[in-house]
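Here's the structure, in structure tokens; my notes come after.
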Amino acid sequence: MNKYRTHNCNELRKKDVGSKVLLSGWINKKRDHGNLLFIDLRDNFGITQCIIDKENSSFSKLEKIQLETVIRIEGNVVNRSTETINKEIDTGEVEISIDNFKVLGTCQELPMPVFSDQEYAEEIRLKYRFLDLRRKKIHENIILRSKVISFIRNEMNRLGFLEYQTPILTSSSPEGARDFLVPSRLNPGKFYALPQAPQQFKQLIMVSGFDKYFQIAPCFRDEDARADRSPGEFYQLDLEMSFVEQEDVFNIVEKLLVNTFKEFSKKELIFDKFPKISYKDALLKYGTDKPDLRNPLIINDVTEIFLRDDVSFDIFKKLVKLGSNVRCIVTKNTKNNPRSFFDGIDKWAKDQGASGMAYFTLEKEKSISAKGPVGKFFSEDSLKELMKKTNAEVGDSIFFACGKLKELQRITSLARDKIANELKLIDDNSFAFCWIVDYPMFEEDEQTKKIKFSHNPFSMPQGDIDKINFKKPLEILAYQYDIVCNGIELSSGAIRNHIPELMYKLFSIAGYEKKQVDEKFSGMINALSYGAPPHGGIAPGIDRIVMLLANEKNIREVTMFPMNQNAQDLMMNAPSEINEDQLKELSLSLRLKK
RNA sequence: GGGGGUGUAGCUCAGUUGGUUAGAGCGAUCGCCUGUCACGCGAUAGGUCGAGGGUUCGAGUCCCUUCACUCCCGCCA
């Protein structure tokens, strides 16, 4: 018999009454009645109430013991009387009458309570993460994460994928995020980079003939954190397939995600078959390439209305002449909303750095008119035209924003969320997935005006290769796609370019000479020259999937040992200084800014 | 790099227009209590009001600087 326990803390039931048991766990809570003491003993599995009275010689020792001390309890399982049954816990019909106990791990006064639903400052949670992780919600999140990963592994195997590991110490790549660098002792002055993703390796795996690859892969990017973005490291379900087209990847990933989300969440999936939205359409209708499709509001471009002579809204008209656009959001049947709702949106838009949002409500008595501060500037004809363009009806309201395209997209996208939240149009009990497709291969760098890759340089351009017009690179679309769920970007992927000549051609447009490509991507370009299969893949973010399933807004709530926003591990004190000998061995010297 | 928010007891927070000795709940310590499950009751200890400077007769409160945490922008193929 194990010397610590015969049962865990969630095991004992009515049928066990009368048996002698050993339980080990943490003291979750004590209720001391002076002559009678209740102890809630907790472990990973649950809670069991234990009880001892003054007759017992251990009573006074147990009475003094700190919460969160680890003890072993020896006692008898006894029935609880009907009125003392606790339905909140699985073991609530019984309790342990304590014979004796033993301290297995002492506990000092706690820096933060474990048994509490209170929220704590992250600083203290991260410093004492081992205490924080004992708390119910986050403990369950981490277990969920494990189960999700294990489920995904099984599904991938079932779908014919095999898991292969790829190197953690690899080479720095010029495109993309900032690399984490690791100095090489054996090669003074040279550095490894931690992989931003196993992108090149998974393509090499395809060239090596393995057909279907996946990996729950750690990825490292030295970029600033966000609520949904860990600094430093995160995990992707990295996958790649040979001899596939875009649709083949879509079919596999849709199946996988639908199964995973149905397995682990009770929320409704609005679409089993994910709608496909082109990048261009997404920016117009939603102002962003990661739209929340639970939100029914749609953005319309109505710039043309402001070129009409019977519209006299001069502020917008002037801006339109100077190259601005006007876009609007229609809210259904909001004619009776209070003035404060409309002004609130306008004020909010100003707080977001926009020049505000104009609005009016469509009304009809004898003729159609617009009611609101700027309503008088619109003729009935122009209103009819507007209604036709936007599907607005009498009783609806329209919010307008005017600006240069990028800024306009930003503010209308935010406004779409804001207005929908105000009107409670978003059903939080559902998941809305979509594909964003047809990303442009290239884009213009706003500052340098140079052409650069807009996403992944290894993506395959769309269309017949012989007919691609390289003279107009900004018009070339790529077989590049993203998955978005509830406004969160879950993954991006592509059909890859496996043709070396085409690769050189595309890199030359982005300003790389053949020699540079050979140097920087020698492994890849070399491999593509020795018989590469057409291939493609995608890499859904594991942390974000678990975040959605756990209904959390912050990625640290589903990460066991996260770093803080400044990329520091407060528990392990990383990063830390290293000594002179270590530096010397690596042929490094520090040049710190003062 | 930039913008917003927060910082008061071990933890979560209150603290009015600048005005006497900075408070509460939880936790800790001590005492009382035999059926609780957020047990109850009483007492005690516990404070560089993030730090530095300034204004003032007087600063937790106003001003300046700075630090930490957090959210956002930039960044993240």
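Residue numbers start from 1 in every chain, and the chains themselves are labelled A, B, ... in the order their sequence lines are given, proteins ahead of strands. What's counted below: heavy atoms across the whole structure, side chains too, no hydrogens, waters or symmetry copies.
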Answer with yes or no whether the side chains of A:Asn8 and A:Asp43 bring together a donor and an acceptor at under 3.5 Å.
-> no
Quick one: which of B:rC69, B:rG10, B:rC71 gets closest to the side chain of A:Pro111?
-> B:rG10
Any Lys/Arg nitrogen of A:Asp117 or A:Lys136 sitting under 4.0 Å from an Asp/Glu carboxylate oxygen of the other?
-> no
A:Arg80 (side chain) and B:rU36 (base): donor-acceptor pair under 3.5 Å = yes
Is the number of heavy atoms from other residues, nucleotides or ligands within 6.0 Å of OH (A:Tyr192) greater than 12?
-> no
Stacked cation flag A:Lys505 on A:Phe470, 6.0 angstrom / 45 deg = yes
Output the single nucleotide from B:rU70, B:rA38, B:rC72 whose closest atom is nearest the side chain of A:Ala227.
-> B:rC72
State whether the distance check finds a donor on one side and an acceptor on the other, under 3.5 Å, for side chain A:Gln118 versus base B:rG27.
-> no
Gap in Å between the two P atoms, one belonging to B:rG60 and one to B:rG19, rounded | 10 Å
Regarding A:Lys514 and the six-membered ring of A:Tyr504, is the cationic atom NZ or CZ under 6.0 Å from the ring centre and inside 45° of its axis?
-> yes
Under-3.5 Å donor-acceptor pair between A:Arg229 side chain and B:rC76 base | yes
Assign each of A:Leu110 and A:Arg221 the nucleotide of RNA chain B bearing its closest heavy atom; nearer the 5' end lies the nucleotide of A:Leu110
Is A:His33 stacked on the base of B:rC39 when the test is centres under 5.5 angstrom and planes under 30 degrees?
-> yes
Taking only the side-chain nitrogens and oxygens of A:Arg556, find out if one of them lies under 4.0 Å from OP1 or OP2 of B:rC69.
-> no
Contact class for A:Gly34 vs. all strands (heavy atom < 4.0 Å): base, sugar-phosphate, or nothing?
-> base
Short side-chain N/O contact to B:rU29 OP1/OP2 from A:Lys64, under 4.0 Å | no
For A:Gln66 and A:Asp224, take the nucleotide of RNA chain B holding the closest heavy atom to each; which residue's nucleotide lies nearer the 5' end?
-> A:Gln66
Got a sec? Which of residues 133-142 of chain A come in under 4.0 Å of RNA chain B, heavy atoms?
-> none
So, is A:Arg31 near the phosphate of B:rC39, with a side-chain N or O under 4.0 Å from OP1 or OP2?
-> yes
Give the C-alpha distance, both sets of side-chain angles, the deciding distance and a yes or no for salt bridge (charged side-chain N to carboxylate O under 4.0 Å, His left out) between A:Glu557 and A:Arg125.
-> CA-CA 11 Å; A:Glu557 300 302 326; A:Arg125 293 183 57 195; 2.9 Å; yes
B:rG27 phosphate, OP1 or OP2, under 4.0 Å from A:Lys29 side-chain N/O | yes
Under-4.0 Å side-chain N/O to phosphate OP1/OP2 contact, A:Asn554 with B:rU70 | no
A:Glu123 (side chain) and B:rU70 (base): donor-acceptor pair under 3.5 Å | no
Charged N-O contact under 4.0 Å between A:Glu422 and A:Lys418 | yes
